[in-house]
Amino acid sequence: MKGIEIAKKLNISTSALRHYESWGLVPEIERASNGYRIYTKEHEAYFQCIRALIPGFGMDLVRTIMPLIIKREKLGILWKINKAQVNLHAEKETVLRAIEMIDLIENAEFPKYLSKSAFTIGEVAKLANVSASSIRHWEKEGLIKPNRQKESGFRIYFRTDIRKVLIIRTVQRVAYSLDIVREVLLGLDNNDVSQAKEIAYQSLQFIDYALVEQVRGIAYLQNLFEVISTGNTFVADESS
């Protein structure tokens with residue numbers, strides 16, 4: 001099979017195939033005496049797997065696991081895939097938590113996980129599934145303004161602060177822009193939750209899309225494992 005034929009099947013350019021090759025994402029591609037690349041069914045399966053994994057898992061993970069496939073480290077690959085799926089589930093739980101908090105009014109009954117009235121930055125980070133450094137950055141940007149203990153100077157976060165942290169995190173994952181985050185928070189201050197809720201539901205839609213794409217990608221990964229175990233068929237590539 002020619003490289004151009006593989007590229008056409010995958011709706012990408014032949015230069016993309018060469019990028020994947022140069023990044024070490026496929027096994028070494030031999031060349032015929034005339035210089036043409038010699039692709040195999042195994043190479044085709046590698047390219048198919050790469051393209052199928054990207055939408056659900058992202059290029060960073062793809063660049064991590066493809067070399068492991070070449071080394072036949074199957075269990076290591078599957079655990080990395082499993083971790084990515086666990087992370088996606090955690091992402092959904094965090095967004096659902098944000099939606100729950102968006103709907104709360106000041107005197108509403110808070111969820112059981114907010115039974116306390118005050119929280120440390122570490123507790124807030126865990127609840128919102130973000131790093132403490134991210135929370136400090138948002139504070140520096142003026143998005144949140146936690147109180148501090150008089151004696152120790154430690155930050156103290158109340159339920160309303162957690163609500164804001166969850167919303168900031170959700171909005172920034174979708175919109176990226178801090179200006180949009182500020183706009184959403186201003187709406188919350190004015191008791192307008194419509195924009196925050198819309199963005200949160202957009203985030204849920206993307207997570208659902210990523211889940212479907214992950215399952216699709218895993219099917220191609222399994223196909224690649226099977227191709228590797230059954231052998232190769234060599235075809236010269238005339239597009240050098």
Side-chain angles (χ1 to χ4, degrees), residues 56-64 80 82-211:
F57 293 98
M59 196 64 206
D60 286 345
L61 183 64
V62 171
R63 293 188 70 166
T64 297
K80 289 183 183 299
N82 178 260
K83 183 178 180 181
Q85 292 184 294
V86 170
N87 290 342
L88 185 67
H89 182 267
E91 180 73 10
K92 182 173 183 177
E93 291 297 309
T94 304
V95 174
L96 288 173
R97 190 171 289 166
I99 292 173
E100 181 181 35
M101 293 296 287
I102 288 170
D103 287 333
L104 290 177
I105 59 175
E106 186 175 357
N107 296 321
E109 181 180 350
F110 285 91
K112 290 182 179 179
Y113 61 83
L114 293 180
S115 57
K116 298 195 307 178
S117 59
F119 299 79
T120 67
I121 191 170
E123 291 171 328
V124 176
K126 185 176 181 180
L127 281 169
N129 194 22
V130 294
S131 65
S133 61
S134 293
I135 297 175
R136 293 189 190 96
H137 174 68
W138 295 333
E139 179 184 351
K140 185 178 179 181
E141 292 289 338
L143 301 177
I144 51 176
K145 298 177 182 178
N147 291 336
R148 289 182 179 267
Q149 292 180 346
K150 292 181 179 179
E151 298 176 357
S152 65
F154 292 156
R155 293 172 175 83
I156 304 174
Y157 296 86
F158 299 115
R159 293 160 176 164
T160 52
D161 296 315
I162 295 175
R163 184 188 193 211
K164 281 191 173 183
V165 168
L166 282 164
I167 292 169
I168 292 167
R169 178 196 181 280
T170 300
V171 172
Q172 196 169 29
R173 295 273 174 122
V174 175
Y176 300 103
S177 169
L178 287 181
D179 288 336
I180 294 178
V181 174
R182 289 189 177 92
E183 183 180 327
V184 171
L185 293 179
L186 180 61
L188 290 174
D189 290 338
N190 294 325
N191 295 318
D192 179 7
V193 301
S194 58
Q195 188 177 12
K197 187 176 289 187
E198 179 183 355
I199 291 175
Y201 278 112
Q202 286 176 4
S203 182
L204 278 183
Q205 289 174 354
F206 174 78
I207 291 169
D208 287 343
Y209 163 80
L211 175 63

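Only this structure's heavy atoms are used, side chains among them; waters, hydrogens and symmetry mates stay out.
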Residue list, salt bridge (Lys or Arg N to Asp or Glu O under 4.0 Å) with Glu93, at least two apart or on another chain = none
Distance in Å, [X] [atom1] paired with [Y] [atom2], rounded so as to fall on 0.5 Å steps:
X      : Y      : atom1 : atom2 : answer
Tyr157 : Ile144 : OH    : CD1   : 5.0 Å
Ile99  : Ile167 : CD1   : CD1   : 10.5 Å
Thr170 : Glu91  : OG1   : CD    : 7.5 Å
Asn129 : Asn87  : CG    : CG    : 8.0 Å
Gln85  : Phe57  : CD    : CZ    : 5.0 Å

Going through the distances and angles, do Trp138 and Val181 end up as a side-chain contact (heavy atoms from CB on, under 4.5 Å)?
-> CA-CA 10 Å; Trp138 295 333; Val181 174; over 6 Å; no
Nearest non-hydrogen partners of [X] and [Y], listed with the distance:
X      : Y      : answer
Arg169 : Val130 : CD-CG1, 3.2 Å
Ala128 : Thr94  : O-CG2, 3.3 Å
Ser131 : Ala125 : C-CB, 4.2 Å
Asp161 : Pro146 : OD2-CA, 4.5 Å

Identify, with sequence neighbours excluded, every residue that meets side-chain contact (heavy atoms from CB on, under 4.5 Å) alongside [X].
X      : value
Ala132 : Ile121, Arg136
Glu183 : Gln195
Arg182 : Glu141, Leu143, Leu178, Asp179
Ser194 : Asp192

Applying side-chain contact (heavy atoms from CB on, under 4.5 Å), run through Asn147 and Phe158 and close with a yes or a no.
-> CA-CA 9 Å; Asn147 291 336; Phe158 299 115; 2.9 Å; yes
Could you go step by step and tell me if Ile162 and Leu127 meet the side-chain contact (heavy atoms from CB on, under 4.5 Å) rule?
-> CA-CA 8 Å; Ile162 295 175; Leu127 281 169; 3.9 Å; yes
Enumerate, atom names and distances included, each donor-acceptor pair closer than 3.5 Å involving a side-chain atom of residues 200-211, sequence neighbours excluded.
none

Other residues, nucleotides, ligands: >12 heavy atoms within 6.0 Å of Asp60 CG |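 It does not: Asp60 CG has 12 such atoms or fewer within range.
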Look at the side chain of Arg97 and the backbone N and O of Leu166, then say whether any donor-acceptor pair between them is shorter than 3.5 Å.
->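 No; zero donor-acceptor contacts below 3.5 Å.
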Is the closest basic N to carboxylate O distance between Lys164 and Glu139 below 4.0 Å?
-> no
Stepwise side-chain contact (heavy atoms from CB on, under 4.5 Å) test for Met59 and Val62 | CA-CA 5 Å; Met59 196 64 206; Val62 171; 4.2 Å; yes
